[in-house]
Colleague: 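Got a structure here, written out as structure tokens. Questions coming.
Since this is a predicted model, take the numbers as computed values, not measurements. In this chain, residues are counted from 1 in sequence order.
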Amino acid sequence: MTADVRGTRRLSLPSILVFSAGSLPVAALATAIFVYLPPYFASHLGVSLTSIGAAWAIVRMIDLVVDPAIGLLMDRTRTSYGRYRVWLVAGAPILMAGVYALFMAPAHFSTLYLIAWMLVMYLGQSMLALSHAAWAAVLATNYHERSRVFGILAAVGICGAISVMVFPLFATDTGWAVRAMGWSVLIATPFVVGLTAWRTPERINQDHQTDIVGLRDYWLIAKRPEVMRLFLAQMSLTLGPGWMSALYMFFFTQALGFSQGIATWLLIIYIVAGVVGAPVTGRVATHLGKHRTLMLTTTAYSLGLCCIIFVVKGNFWTAMPIMVWCGFMAAGFDLMIRAMMADVGDEVRLEQGKERISLLYAITTLASKLASAFAIALTFPLLAYLGFDPAEGAKNTADAIYSLSWAYLAGPIVFVMLGGACFYGWKLDAQKHAGIRSELEARDALYEEAPIIESVSASPAIPVLVTAAMPDDAETLTPDQNTVSPADRSAAE
């Protein structure tokens with residue numbers, strides 16, 4: 001157990017790493033879905049660009065109601081196994097079913113097939129992502145501790161994305177590489193999700209208000225200026241890099257003259273830079289504040305992306321520094337938004353007397369999914385309109401390549417800068433949040449302490465329900481320290 005100069009206790013690094021394992025399937029899919037899957041459908045399986053774009057848009061429109069509904073149900077869940085643990089475990093097989101159907105898809109499949117299985121995959125992805133993010137907000141409650149924890153979580157997630165990137169490097173066939181990505185996620189998911197659920201304690205915050213919450217209460221949450229800013233920022237900061245990811249392989253192979261193997265290496269470098277960029281961004285945020293750090297990184301990212309015009313065609317060494325710079329800066333986008341939404345969740349709980357963090361994260365997840373859909377729905381039909389042919393071996397005109405280049409650069413720069421601008425005048429800083437936490441802790445002390453669902457011991461496979469005092473900023477102990485073993489329980493009896 002360690003404490004910083006402000007006297008707040010810190011989560012141990014082993015505890016954070018064990019908890020982070022649950023985010024790996026979603027993180028691994030993020031790159032594969034947007035960088036490799038749509039081009040694979042179009043060039044290898046013979047599905048039209050328009051059908052792919054339309055399917056992505058339709059699925060995201062359906063997600064308008066799915067994610068908030070999951071958030072509402074999650075906030076109301078109370079079981080002896082915990083609140084977020086049960087959702088995390090339940091989402092794993094659903095995600096796996098969707099991954100199998102999409103990554104092992106037959107040639108020339110229908111648009112209906114794509115829509116149906118994308119809905120399944122994204123349902124499982126939502127359950128995993130929402131439960132894991134909300135659980136993280138409960139584990140880390142201090143303003144600056146959240147920057148540290150979410151920075152480490154982001155770095156681990158980036159490692160998950162890198163893990164599936166090795167397959168295109170050694171594959172001579174695109175189909176084999178994509179299927180290998182799918183199988184790696186299918187094999188790893190039950191193990192990493194099981195590890196997090198088994199070894200991470202869960203604290204359930206007590207509700208201070210017993211009245212039934214109506215639609216007006218949810219509307220008050222949705223229209224909060226902080227929530228609206230975070231929603232718009234999440235959309236912008238997902239759409240910008242997502243736009244770039246959707247066009248990445250086309251731009252780097254046909255406009256910059258790289259082979260798919262070299263383009264994949266550059267993408268890995270971009271992602272690996274985030275392993276360092278994420279925790280460094282979290283560290284910087286403990287000094288500058290989350291909102292100022294996010295404004296800084298979005299500006300630096302956009303300036304770096306402008307430098308892509310100086311890359312010598314086919315020259316790896318001129319492209320590499322730009323990829324390192326942009327990957328380093330982009331790593332902080334999502335983690336800062338998640339950390340700031342956790343702060344907003346404390347403010348909402350203080351005002352309404354009920355836990356609403358799952359719903360709040362559903363709002364940002366919804367924004368991310370909408371932006372991801374628009375990244376595909378806008379860019380692929382745009383390429384078709386500009387006369388770009390994505391088929392393997394196709395010879396595109398100089399005008400089509402020129403249009404591809406401008407499309408690749410303009411979208412990300414505009415949207416990323418818009419995302420940073422959302423935080424001009426942000427008020428929920430460290431000082432204000434400290435006052436909110438102080439009031440919450442004083443009120444929590446008047447109620448029965450929240451139950452702590454201990455990590456699930458190896459035998460029997462039932463979590464121990466312990467009611468004990470645990471300050472909101474207290475360290476979550478490692479599983480070996482806080483798991484009550486069957487032998488200890490028998491001795492106590």
Side-chain angles (χ1 to χ4, degrees), residues 23 26-38 53 56-57 59-64 66-68 71 118 121-122 125-126 128-130 132-133 150 153-154 157-158 160-161 227-248 267 270-271 274 277-278 281 290-291 293-295 297-302 305 326-341 360-380 382 407-423:
S23 68
V26 174
L29 287 171
T31 301
I33 289 174
F34 295 111
V35 176
Y36 291 99
L37 205 56
W56 247 267
V59 169
R60 291 315 194 195
M61 291 303 103
I62 297 174
D63 269 348
L64 283 171
V66 172
D67 275 42
M118 281 179 61
M121 183 186 69
Y122 280 128
Q125 194 175 45
S126 292
L128 263 68
L130 286 177
H132 196 264
F150 278 93
L153 293 181
I158 292 169
V227 174
M228 294 176 68
R229 286 193 190 205
L230 287 168
F231 180 87
L232 180 58
Q234 183 73 74
M235 282 203 68
S236 300
L237 296 180
T238 302
L239 182 55
W243 181 298
M244 188 178 74
S245 297
L247 301 182
Y248 177 82
L267 184 58
Y270 173 92
I271 298 172
T281 299
K290 301 184 183 86
H291 62 292
T293 302
L294 190 51
M295 294 171 71
T297 55
T298 52
T299 302
Y301 175 91
S302 298
L305 191 58
C326 291
F328 185 96
M329 296 302 169
F333 295 170
D334 191 60
L335 77 91
M336 285 294 101
I337 290 178
R338 287 176 177 269
M340 283 190 280
M341 186 59 89
L360 290 168
Y361 277 126
I363 293 173
T364 56
T365 301
L366 173 61
S368 179
K369 287 187 174 183
L370 285 172
S372 300
F374 282 121
I376 301 296
L378 293 176
T379 55
F380 275 40
L382 176 62
Y408 179 83
L409 291 173
I413 292 173
V414 169
F415 288 113
V416 168
M417 288 303 296
L418 176 61
C422 289
F423 298 101

Colleague: Tell me if the aromatic rings of Y301 and F328 count as close, with their centers under 6.0 Å from one another.
Modeller: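 Judged by ring-centre distance (under 6.0 Å), Y301 and F328 do not meet the cut-off.
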Colleague: Can you confirm whether L237 sits close enough to L294 that some side-chain heavy atom of one is under 4.5 Å from a side-chain heavy atom of the other?
Modeller: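 They are in contact (side-chain heavy atoms under 4.5 Å apart), so the answer is yes.
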Colleague: Between L153 and L335, is there a side-chain heavy-atom distance shorter than 4.5 Å?
Modeller: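 Side-chain contact under 4.5 Å: no.
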Colleague: Within the 4.5 Å heavy-atom criterion, are P241 and V416 side-chain neighbours or not?
Modeller: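 A side-chain contact under 4.5 Å exists here.
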Colleague: Tell me which one of Y408, Y270, W243 satisfies side-chain contact (heavy atoms from CB on, under 4.5 Å) with Y248.
Modeller: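 Result for side-chain contact (heavy atoms from CB on, under 4.5 Å) with Y248: Y408.
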Colleague: Given side chains that start at C-beta, do those of F415 and T238 come closer than 4.5 Å, heavy atoms only?
Modeller: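 SC-SC contact between F415 and T238 ruled out.
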Colleague: Using 0.5 Å steps for rounding, measure from the OG atom of S23 to the CD1 atom of I158.
Modeller: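 Going from the OG atom of S23 to the CD1 atom of I158 covers 10.5 Å.
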Colleague: Do the non-hydrogen side-chain atoms of L267 and Y36 ever get within less than 4.5 Å of each other?
Modeller: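 With C-beta onward as the side chain, the pair touches.
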Colleague: Under the criterion side-chain contact (heavy atoms from CB on, under 4.5 Å), which of M341, M235, M336 is the partner of L230?
Modeller: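 In the set M341, M235, M336, the residue that makes a side-chain contact (heavy atoms from CB on, under 4.5 Å) with L230 is M341.
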Colleague: Got a second to check how far K290's NZ is from I337's CD1, nearest 0.5 Å?
Modeller: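 Those atoms lie 13.0 Å apart.
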Colleague: Using side chain to side chain contact (heavy atoms under 4.5 Å, CB included), reason through F231 and T364 one step at a time and then give a plain yes or no.
Modeller: CA-CA 5 Å; F231 180 87; T364 56; over 6 Å; no
Colleague: What's the separation between atom CZ in R229 and atom CG in L232, rounded to the nearest 0.5 Å?
Modeller: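 R229 atom CZ to L232 atom CG measures 10.0 Å (nearest 0.5 Å).
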Colleague: Checking side chain to side chain contact (heavy atoms under 4.5 Å, CB included) for the pair I33/Q125: CA distance, chi angles, key distance, verdict?
Modeller: CA-CA 12 Å; I33 289 174; Q125 194 175 45; 4.2 Å; yes
Colleague: Identify the residue among I363, L366, D334 that makes a side-chain contact (heavy atoms from CB on, under 4.5 Å) with Q234.
Modeller: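 For Q234, the side-chain contact (heavy atoms from CB on, under 4.5 Å) check succeeds only for D334.
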